[in-house]
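Only this structure's heavy atoms are used, side chains among them; waters, hydrogens and symmetry mates stay out. Below, chain A is the first sequence line, B the second, and so on; all start at residue 1. This one's a predicted model, so the numbers in the text were calculated from it and none came from an experiment.
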There are 2 protein chains.
Amino acid sequence: MYVDTKQRLDTADAISDSGFAPRTVGRYHGTRAPRHVDDTAWTDYLAAARTRIERFDSHEVLFHEDDTADHLYEVASGSIMLYRLLADGRRQVVDILSAGDLFGMSVTGVYDCSAETLVPSDVRVLDKREIERSADLQNHVNRCLMGRIEALHSHAVLLGRKSAAERVASFLMRFVPNRGMIGCTGPKAAGGDDKVVVLRMTRQEIADYLGLTIETVSRVLSDLKRRGIISIEKNDRIRLPDVCRVCRLTGIH
Amino acid sequence: MYVDTKQRLDTADAISDSGFAPRTVGRYHGTRAPRHVDDTAWTDYLAAARTRIERFDSHEVLFHEDDTADHLYEVASGSIMLYRLLADGRRQVVDILSAGDLFGMSVTGVYDCSAETLVPSDVRVLDKREIERSADLQNHVNRCLMGRIEALHSHAVLLGRKSAAERVASFLMRFVPNRGMIGCTGPKAAGGDDKVVVLRMTRQEIADYLGLTIETVSRVLSDLKRRGIISIEKNDRIRLPDVCRVCRLTGIH
DNA sequence: CGTAAACTTGACGGCTCTCAAATATGGTGG
DNA sequence: CCACCATATTTGAGAGCCGTCAAGTTTACG
């Protein structure tokens, strides 16, 4: 029988190499080296609290799994991935956050996953005790948490029940607002139904998010290209000439 | 090639049959038929709000995906599963809740998944507007939501990166408190390290939770039995003669 | 222009799914 | 209490999707 399956690295080496993150060694440009930016431009809900904004480069780690959780974060711009690692190096990206999303909440006092920027990002940082002071802020946090839960439910369906092709199609649809979900506007009556999506993620990150390997992600994309469903303008710029067609491949309908 | 993969039902029939829930037809003893029980015995946090407790039988549906979300629920006793369905009948159980857990929160105003009892359960029901009234209650809701998010993160790792054997082992460890997670007490010094777990779920429900098929779940359990790692006393009563041994199969260590 | 990293492609194997049948379990009525 | 039936579970055989390993090829960047 085979002992530990899926997406593991050539264990001992890579682990001792960087301490984590299989096959991604070298993309970690040092951790926690933000430049202080400013204290203005607060959002509505966070206006009452004392906050600061920190700017991070691409692929910087904000915190690691098991670090003590003393801060709460809000994505001001850019995008952040949350991931967990198994002891043998398998990685699962559990969530991808964009502007307005909160993260860093913890019941245990310790972060349950690591947070890393996918692109240069501005992140608002506040002390976690701040939220207890304002009812409005608590309410806002609440709504954000519910939103994350719904996203995680969708992701569980994707990981548990969708084929590789369906996962990739669902992933592409993430970048098309108001399509493929409730309240889908459908293809615009006049004109075509095409859309260019910019992934801003490596194949490894996509694979780790979708519970696949980079080879499978690559093969599915090549297949979609061959069938004329997408065209790859740049590695992370993908044109969907017919959004509806992609949507029908997600497994949702 | 096979068209739509994984865990689908013999489509047209079963769908038109009950409207949902593949292979589970007949376990739905009618929906929304709770008996009113009492209004006392409130928990600390919900004491301030006007609530009622409803009692449900095993496998009753509390609400369906897409129902308008006007209530908030708390499990008082028993256990509830939340699941989503794909159009072709594939089901994914996204969460399993027990006493103290909240559910039914929604940002969209519509439930994002269905809720069904696994065993006879008491459920506290409150109007969702109630939570906005009390800061303490909001804080409590917050903590519950964070707990769900951490559980969903774990589940994403399981669904995305674990083998069938690891999933089943992880599932069994759910029923052993304070083991296999942070703060694991380890095997008690004196005496053995055995434990009897009562699943109170069908193989289909376990499979739909773990992102597997019923047959795979069964095969893994048979294999664990053959290797002496578990013994099956009844279909849903499983003895773990060596908890640590099961824990080492979860893929976490 | 040269090197390293990222990505693609191919060959192959295996874990898990599908389909099918046998066995066990649980509830019901005689 | 026991035969009988429907349902749940187990087991078997075979297939296929996707992972692994190992090249190529392209891209990125100094």
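Ionic pairing of B/Arg161 and A/Asp208 is present here: one or more N-O contacts between side-chain nitrogen and carboxylate oxygen are shorter than 4.0 angstrom. Contact check on B/Asp223 versus B/Arg219 returns no salt bridge, with no Lys/Arg side-chain nitrogen under 4.0 Å from an Asp/Glu carboxylate oxygen. By the 4.0 Å N-to-carboxylate-O rule, B/Arg90 lies close enough to A/Glu166 to be salt-bridged with it. Using a 4.0 Å cut-off between a side-chain N of Lys or Arg and a carboxylate O of Asp or Glu, A/Glu233 and A/Arg237 qualify as a salt bridge. A salt bridge links B/Asp236 with B/Lys234: at least one charged nitrogen is closer than 4.0 Å to a carboxylate oxygen.
Both A/Lys234 and A/Val220 lie close to DNA chain D; mapped to their nearest nucleotides by heavy-atom distance, the more 5′-ward contact belongs to A/Val220.
For B/His59 and D/dA8, the NE2 to P distance is 9 Å, given to the nearest whole Å. The distance from atom CZ of B/Arg90 to atom C1' of C/dC17 is 13 Å, rounded to the nearest whole Å. Between the CD atom of A/Glu205 and the C1' atom of C/dA5 there is a distance of 14 Å, rounded to whole Å. Between the CG atom of B/Asp236 and the C1' atom of D/dA8 there is a distance of 12 Å, rounded to whole Å. Nucleotide C/dG26 holds its P atom 13 Å from the CZ atom of B/Arg200, rounded to whole Å. Per the geometry, CD1 belonging to B/Ile206 stands 17 Å off C1' belonging to C/dT16, to the nearest Å. When the P atom of D/dC18 is taken as reference, atom CG of B/Leu159 falls 15 Å away, rounded to whole Å. To the nearest angstrom, C1' of D/dT20 lies 14 Å from CG of A/Leu212.
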(message) Counting primed atoms plus P, OP1 and OP2 as sugar-phosphate and everything else as base, spell out the protein contacts along nucleotides 7-12 of chain C at 4.0 Å heavy-atom distance: B, S or - for each nucleotide, 5' to 3'.
(response) SBBBB-
Less than 3.5 Å apart, which donor and acceptor atoms pair up between the side chains of residues 148-155 of chain A and the rest of the protein, not counting sequence neighbours?
unit_1, atom_1, unit_2, atom_2, d
A/Arg148, NE, A/Asp95, OD2, 3.0
A/Arg148, NH2, A/Asp95, OD1, 2.8
A/Arg148, NH2, A/Asp95, OD2, 3.3
A/Glu150, OE2, B/Val107, N, 3.4
A/His153, ND1, B/Asp112, OD2, 2.7
A/Ser154, OG, A/Glu150, O, 3.3
A/Ser154, OG, B/Arg84, NH1, 3.0
A/Ser154, OG, B/Arg84, NH2, 3.2
A/His155, NE2, A/Tyr209, O, 2.9

